[in-house]
Every structure is written in C-alpha cells, then in structure tokens.
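Below is one structure, written out as structure tokens; comments come after it.
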Amino acid sequence: MDTTTQQTTAPPAPAPTTSESKRAARGATRPGDRIFLGLSRGSGIFVLVLMAAIAAFLTYRASIAISKDEANFFTTFEWNPSGLPPEFGIAVLAFGTIVSSVIAMVIAVPVSVGIALFITHYAPRRLGGLIGYVIDLLAAVPSIVYGLWGALFLVPHLQGLYGWLDDYLGWTGIFEWNDGAPRSLFTVGILLAIMILPIITNVSREVFRQVPRMHEEAALALGATRWEVIRMSVLPFGRSGVISASMLGLGRALGETMAVAMVLSSSFDINLSLLDTGGGTFAQNIASKFNEATEMGRDALIASGLVLFVITLLVNGAARLIIARRKEYSGANA
C-alpha cells in the first residue's frame, strides 16, 4: 500500500512581544544615550516644577491680598492697597496692557512679515544680509535704551501725528486729542511695536527660508508672478511659523516694563481716546510702585502679576490651538 510521507515544517517562531522589544532596545542603547535621555527628561520636568512653583507662590500671595481688599479686584478703578481700608483693582491695568499690546501687534506684524519677505524673496543677497544684520542689532538693544529713546525722541516728535489723527479721525472719539503731551497708550503701542519687530522678523525670516524650493519653482513654471508665488506657496507654508513669531512678540509686549514706565504718563482711569494721557499696564505698575510699597502693597502687586501670568498662559494656549488647527500648513507636513 502506497503511503505518502507528510513533511512537517517547524512552526514559526513567536514574534517578540512589545515589552521584549523595548527591553532589547533598552539593552542596545549606549550609556551616553541613556545619560542624555535622563538629562533631557530631567530638564523638562524641572521646567514644569518651576512653573508650578511660580504659580503656587503667586497664588498664595495674591490670595492674601485679595482677601483683604475691600473693593472689587477686577472692576475697581483705584490702586490704594496701603489705605484704611485697602482698595485696589486691575481694571485700568488690564485695559492698558491689552490695548497697548494690540496696538503694537497691529503695527508690528504686517511690517515684520513684509521685511522678512523682502529679505528672503526680493532683496539681493548682500542687501538682505545687511538688513538682517541691522534687525539682529535691534533685537539686542536693552529695554532701558528703548525707553530713553522713546521719552527723549519719540514723544516730542509724535505731536504732528497726533494732530493729523485728531484732524481726520478725531470724530470717532478714539483718536481725539486734547493737545496734551503724547504720553498715552498709543505712544506705548508704537514703542512696543518697534521693540517686538526684530523678534517677529527674525523668526518669520527663518520660516520663509524653509519653504521647499520646488514649490516656488513649480508655481513659477505655471506662469505665476512673484507675488502669486508668495501668496500661494510661501505664506501658506509659513503661516504657523508667523503665528508663533507673533506670539513671541506679544509675550514681550505684555511684559515690557521699563520702556513703558519711561514713556507713559500713568493714571488710574480709562479714556475712550487712545491719544489721551493716562492708563497703565501690569508690568509698568509693578515697576513704579514696588520700591515704595508696604507688605500689603507688595502682595497686591503680586496679585496683579498673577493676572498677567494667567493672561500670558492664555495667549500661549490660544496660539497652540491656532497652530494645531493649521497643521496642514506646517513645514513638517510639507
């Protein structure tokens, strides 16, 4: 009787489990890599711990001040933490900080993006390098120097602009000028725009340089003009980078201290016109009142610093959300 021999094959070796793969990869890692991993991980954890410690300190000292405040902390137009009873609020400070920062962003962002595009896509190499070098120098100028320049040069030379705005836009009420010294939130916004312009320009310039060359060449091959190449290829690619650069500039505008203190004629009132003297910002108020403040006054200033801390976190969080919604424009996916 014919019998067929069945050849049996050995069963396939079981695939290594995930834990075994991780163990093998860990064993193959060099000691230097493990040390670097530990240092980098520790650095990240240290930053988180440091931020939590700052938030805890600000919250503790702010709670002491707010508990003794006899006025509404968010709506009061007064700052007298040393009074009997103490009364202080952040309404004027929040308004001045936000308004001056918005003015700075409205002026600085378009100019910065325009300079970055000119350096990367229009200017000859030598001219672009020279302009980039000057922009880098502006980023290195200390805040106190900007403040001195603003107080001694910018303020006296803004009277003509204030008069022009009052003549043509004074009917809106926002640009009405009463012939006072141009030490207003609008002047602060202009000075802050000059200060944050190098930050936004430098980051935007580097982002625009990362645009794939083939995208631009393909658009040119299809007959697009230089502006159409920028509008269809460069700006969509660098949009998330420009947003990040703008948020960096906004962070400096929100926290700028000495330059604002030297230019602004502070007072605790809110004016409809941006050209009227008065107003204040969180950082300027802390810098001008900290030396002469009592213990209660320092706690009140720390409470206002906590509000600025929260505003900064919200701004950064909003920027992250905007960038996350526009991942299709990021350079990583290009």
Side-chain angles (χ1 to χ4, degrees), residues 101 103-150 152-154 157-158 161 188-256 258-259 263 316 319 322-323 326-334:
S101 300
I103 293 173
M105 295 296 291
V106 169
I107 297 174
V109 172
V111 176
S112 300
V113 173
I115 294 174
L117 288 174
F118 177 75
I119 292 175
T120 56
H121 290 82
Y122 286 95
R125 183 178 297 273
R126 289 186 178 180
L127 179 60
L130 177 62
I131 296 176
Y133 177 73
V134 174
I135 295 296
D136 293 337
L137 286 180
L138 287 177
V141 176
S143 299
I144 190 67
V145 176
Y146 278 111
L148 289 172
W149 177 81
L152 300 178
F153 180 83
L154 181 63
H157 288 80
L158 281 180
L161 175 62
V188 172
I190 295 176
L191 182 61
L192 291 177
I194 298 173
M195 296 179 68
I196 68 177
L197 186 143
I199 300 175
I200 304 176
T201 300
N202 288 338
V203 177
S204 301
R205 178 185 62 190
E206 296 304 321
V207 170
F208 293 151
R209 282 177 174 172
Q210 302 303 319
V211 178
R213 189 65 182 173
M214 63 180 66
H215 291 185
E216 300 182 35
E217 293 177 350
L220 291 172
L222 292 174
T225 62
R226 183 66 63 86
W227 163 243
E228 289 173 339
V229 171
I230 291 175
R231 181 171 58 86
M232 294 185 298
S233 300
V234 178
L235 291 180
F237 180 90
R239 188 171 302 174
S240 60
V242 172
I243 294 174
S244 301
S246 302
M247 293 303 105
L248 287 175
L250 180 59
R252 180 173 185 181
L254 289 171
E256 183 53 47
M258 293 308 301
V263 169
N316 290 333
I322 294 174
I323 294 174
R326 298 181 178 275
K327 286 184 178 180
E328 67 273 15
Y329 296 114
S330 65
N333 298 328

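Just so it is clear, the values below take in all heavy atoms, side chains as well, and ignore hydrogens, waters and symmetry mates. On a predicted model such as this, the values are computed, not experimentally measured, just so you know.
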Checking [X] now: which residues fulfil side-chain hydrogen bond (donor to acceptor under 3.5 Å, both in side chains) with it, not counting sequence neighbours?
| X | answer |
| --- | --- |
| Asn316 | none |
| Ser112 | Thr201 |
| Arg226 | none |

Side-chain touch [X]/[Y], heavy atoms, less than 4.5 angstrom:
| X | Y | result |
| --- | --- | --- |
| Leu191 | Trp149 | yes |
| Val263 | Leu154 | no |
| Ile196 | Leu248 | no |
| Val242 | Val207 | no |

Just verifying a value: how many Å separate [X] [atom1] and [Y] [atom2], rounded to the nearest 0.5 Å?
| X | Y | atom1 | atom2 | value |
| --- | --- | --- | --- | --- |
| Phe118 | Ile131 | CZ | CD1 | 4.5 Å |
| Asn202 | Ile199 | CG | CD1 | 8.5 Å |
| Met214 | Ser233 | CE | OG | 12.0 Å |
| Ile119 | Phe208 | CD1 | CZ | 11.0 Å |
| Arg252 | Leu192 | CZ | CG | 9.0 Å |
| Met247 | Leu254 | CE | CG | 9.5 Å |

side-chain contact (heavy atoms from CB on, under 4.5 Å) partners for [X], two or more places apart:
| X | result |
| --- | --- |
| Gln210 | Phe237 |
| Leu138 | Ile135, Tyr146, Pro198 |
| Val106 | Val102 |
| Ile107 | Ile103, Ile190, Ala193 |

Looking only at heavy atoms, what is the nearest atom pair of Ser101 and Leu250, with distance?
-> CB-CD1, 3.7 Å

Sequence-distant partners of Arg209, salt bridge (Lys or Arg N to Asp or Glu O under 4.0 Å), two or more places apart | Glu206

Under the salt bridge (Lys or Arg N to Asp or Glu O under 4.0 Å) test, residues paired with Glu228 that sit two or more places apart | none

Side chain to side chain donor-acceptor pair (under 3.5 Å) contacts in which one or both residues fall within residues 118-135, not counting sequence neighbours = His121-Glu216

Residue pairs, two or more places apart or on separate chains, that pass salt bridge (charged side-chain N to carboxylate O under 4.0 Å, His left out) and touch residues 127-149 = Asp136-Arg205

